[in-house]
Amino acid sequence: MKCSVCGNTEFGETLSVKEMMYGKDDFFTYKSCLTCDSLIIEKIPENLASYYPNDYYSFTISRALQRFGAVKSWLIKVRDLNFYKVKSSLIGKWLIAVFPLTETEIQFKAYQFAFKQWAKNAKSKLLDVGSGNGNIVRYMQSVGFKGITGIDPFIEKDIYLDAVPVILKKDIFEWNEPVDAVMMNHSFEHMLRPKEIIEKIASILKPGGECMIRVPVRGGGFDRYKEHWLCFDAPRHLFLTTEKGIRELIKGTALEFVKVEYETPPYYAIGSELIKKGYSFTRMEDAEKLLSKEEIENAKQFTDTINKENKGDAAAYYLRKKA
C-alpha cells in the first residue's frame, strides 16, 4: 500500500471506521501516513458508487439558476462583494442590512474566492471541479459571472443556460481550456489520483493563476474523536490530508503554496458527538434532542478553539501558478 498523497509506504496508526452517513454496518480501514500525516483508506470498495445514492446531499439541487436583470445583478454583486469581504462600499453595507444573506460558514470561502476572481477581472475564467449540485456555479452565474463553469463526472447530463455551460458532465482530465482560477469545494477528498489532479490543475492554470482547495483535514477533531470523527465519512473520503500533505502534492509542479485558512463549522464536532453515541450523520437535525445542551455547547467551544489554534478540521488551501 502506498500513500496516495506522498507515495510513502510506511504507516503508523490504523483505525477501523464505520460508515455513518446512512448507518450501514460497513467498516473500512484507514491508515496514518508517517511522512505527510494523511489518513488513507486501505482499500477502496468496488461498489463505491453505491455509497452515493440519488439523495446524496451534493447531488440535491437547492439553488435554481435564476435570471436577473442588469440592475438587480449589479446590486447583488455590490452587496455580495461587501458581504464576502472582497470590496467594501457604503452601498454594499446598506444592501446587506436591507437584503441580508444567510449563507452558511461552509460556503463562505467558496463565494469569497469566486467574487474575488470576478472583481479582479470581469472576464476571468474560473473552473469549479467536482461541482455536484452546482449551487456555487448556479448562484454566481445568476448574478452575472458568466466566466465560471462547473464540471462533475457524476451528474446525469450537461447543464446549459442560453448556450452558456453551467455544469458539464466531465472530469478534470477531460478539460483542456486554460483558466485563470480553479477551485475544489469539498470534492478533492473524494477523488482518485490526487497527485495527477494537482499536476492537471497546474497545466490548465494560466501563469499567476490561483487555485483554492477546500477540504476536511486531519486536525484537532481527529485527535479528539478518532474513529468517531465525522470527517472520515467512510468510505467516500478516500484520503484526509494536512498542510504537509498539500505541500507534498505540489512538489515538482508549477504551483506554489500561498496560505491556508481554517474554517471548521461547529456541526463537525456536533456530528462527531452523535456518531460516538451510535447515531448516523442523517440525525443531525435531531442533535438538540439527542445531545444535551452542555454537549452541544462544548462542541461549539471546541470548534472555536481548534480554529484559533490552526488545528481545524476543515481548511482552504490557496495555491498559485508560478509566473
Side-chain angles (χ1 to χ4, degrees), residues 1-6 8-45 48 51 57 105-106 186 188-190 194 214-246 248 260 262-284 286-287 290-292 294-315 317:
M1 175 180 173
K2 285 187 178 182
C3 173
S4 58
V5 174
C6 71
N8 170 55
T9 57
E10 295 184 1
F11 296 86
E13 188 174 12
T14 298
L15 289 153
S16 181
V17 183
K18 187 178 181 181
E19 194 286 327
M20 288 302 292
M21 177 172 284
Y22 299 103
K24 296 184 178 183
D25 292 326
D26 299 341
F27 286 84
F28 301 89
T29 300
Y30 284 78
K31 292 188 173 184
S32 175
C33 175
L34 290 177
T35 297
C36 68
D37 297 328
S38 298
L39 296 160
I40 311 295
I41 193 168
E42 183 178 47
K43 184 179 180 181
I44 300 171
L48 184 60
Y51 292 91
Y57 75 95
E105 183 181 357
I106 200 68
H186 289 265
F188 191 37
E189 65 273 19
H190 296 260
R214 294 176 65 236
V215 286
V217 297
R218 176 178 178 167
F222 168 75
D223 295 337
R224 177 169 177 161
Y225 295 107
K226 294 297 183 179
E227 68 271 20
H228 302 301
W229 185 41
L230 175 137
C231 292
F232 268 120
D233 194 19
R236 288 164 289 272
H237 289 178
L238 306 181
F239 65 95
L240 294 131
T241 193
T242 60
E243 180 178 329
K244 188 186 295 186
I246 295 294
E248 285 289 334
V260 57
Y262 291 92
E263 51 173 353
T264 317
Y267 83 82
Y268 280 18
I270 295 172
S272 297
E273 290 288 342
L274 287 173
I275 291 172
K276 189 168 68 173
K277 290 178 177 288
Y279 298 111
S280 69
F281 178 57
T282 55
R283 300 296 303 276
M284 274 296 296
D286 301 321
L290 302 173
L291 300 175
S292 68
E294 183 180 7
E295 287 173 322
I296 291 175
E297 185 57 34
N298 285 341
K300 291 179 179 179
Q301 291 178 3
F302 171 73
T303 299
D304 185 56
T305 298
I306 60 175
N307 278 332
K308 288 179 179 177
E309 294 179 351
N310 289 337
K311 295 180 181 178
D313 292 343
Y317 293 101

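Side-chain contact, S272 with R224: no donor N or O sits under 3.5 Å from an acceptor N or O. E273 and Y225 are linked by a side-chain donor-acceptor pair at a separation below 3.5 angstrom, with hydrogens and angles left out of the test. For T264 and D313, the side-chain atoms include no donor-acceptor pair closer than 3.5 Å.
Listed by chain and number, the residues in a ring-ring contact (aromatic ring centres under 6.0 Å, His included) with F11 amount to none (sequence neighbours excluded). With sequence neighbours excluded, the residues forming a salt bridge (Lys or Arg N to Asp or Glu O under 4.0 Å) with K244 are D37, listed by chain and number. By the ring-ring contact (aromatic ring centres under 6.0 Å, His included) test, Y317 pairs with no residue at all, sequence neighbours left out. For the side-chain contact (heavy atoms from CB on, under 4.5 Å) test, residues two or more places apart in sequence or in another chain that qualify with E189 are H186, V215, P216, H237. For T35, the side-chain contact (heavy atoms from CB on, under 4.5 Å) partners two or more places apart in sequence, or in a different chain, are C6, N8, C33. Partners of S280 according to the side-chain hydrogen bond (donor to acceptor under 3.5 Å, both in side chains) rule, which considers only residues two or more places apart in sequence or in another chain, are T282.
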- How far apart are the C-alpha atoms of D304 and K308, what are their side-chain angles, what is the distance that settles it, and do they pass the salt bridge (charged side-chain N to carboxylate O under 4.0 Å, His left out) test? CA-CA 6 Å; D304 185 56; K308 288 179 179 177; 3.1 Å; yes
- Task: Starting from the C-alpha separation in whole Å, work towards a yes-or-no answer on salt bridge (charged side-chain N to carboxylate O under 4.0 Å, His left out) for E295 and K276.
- Result: CA-CA 12 Å; E295 287 173 322; K276 189 168 68 173; over 6 Å; no
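No more than 12 heavy atoms of other residues, nucleotides or ligands sit less than 6.0 Å from atom NZ of K2. In the displayed structure, K300 atom NZ is contacted under 6.0 Å by at most 12 heavy atoms of other residues, nucleotides or ligands. Counted within 6.0 Å of NZ on K311, heavy atoms from surrounding residues, nucleotides or ligands total 12 or fewer; the atom is thus considered open. Counted within 6.0 Å of CD on E10, heavy atoms from surrounding residues, nucleotides or ligands total 12 or fewer; the atom is thus considered open.
Note that CZ of F222 and CD1 of I306 are 13.0 Å apart. Values are rounded to the nearest 0.5 Å.
Contact between S38 and T241 at its shortest, heavy atoms only, is OG-OG1, 2.8 Å. The shortest non-hydrogen separation linking G271 to L230 is CA-CD1, 3.6 Å. Residues F239 and P194 come closest through the heavy atom pair CZ-CB, 3.8 Å. P235 and I41 make their closest contact through CB-CD1, 3.8 Å (heavy atoms, listed as atom of the first residue, atom of the second, distance). Closest heavy-atom contact between E227 and S16: CB-O, 3.6 Å. Listed here is the closest heavy atom pair of E19 and A234: CG-O, 3.1 Å.
Taking the centre of each ring, Y22 and Y51 stay at or above the 6.0 Å mark.
Two residues are said to be in side-chain contact when any heavy atoms from C-beta on lie closer than 4.5 Å; L291 and K277 meet this criterion. The shortest distance between side-chain heavy atoms of R283 and L290 falls below 4.5 Å. F281 places none of its side-chain heavy atoms less than 4.5 Å from the side chain of D233. Contact annotation: the side chain of Y279 never approaches that of D286 to less than 4.5 Å [non-hydrogen atoms, C-beta and beyond].
The backbone N or O of K43 sits nowhere less than 3.5 Å from a side-chain atom of T29 that would complete a donor-acceptor pair.
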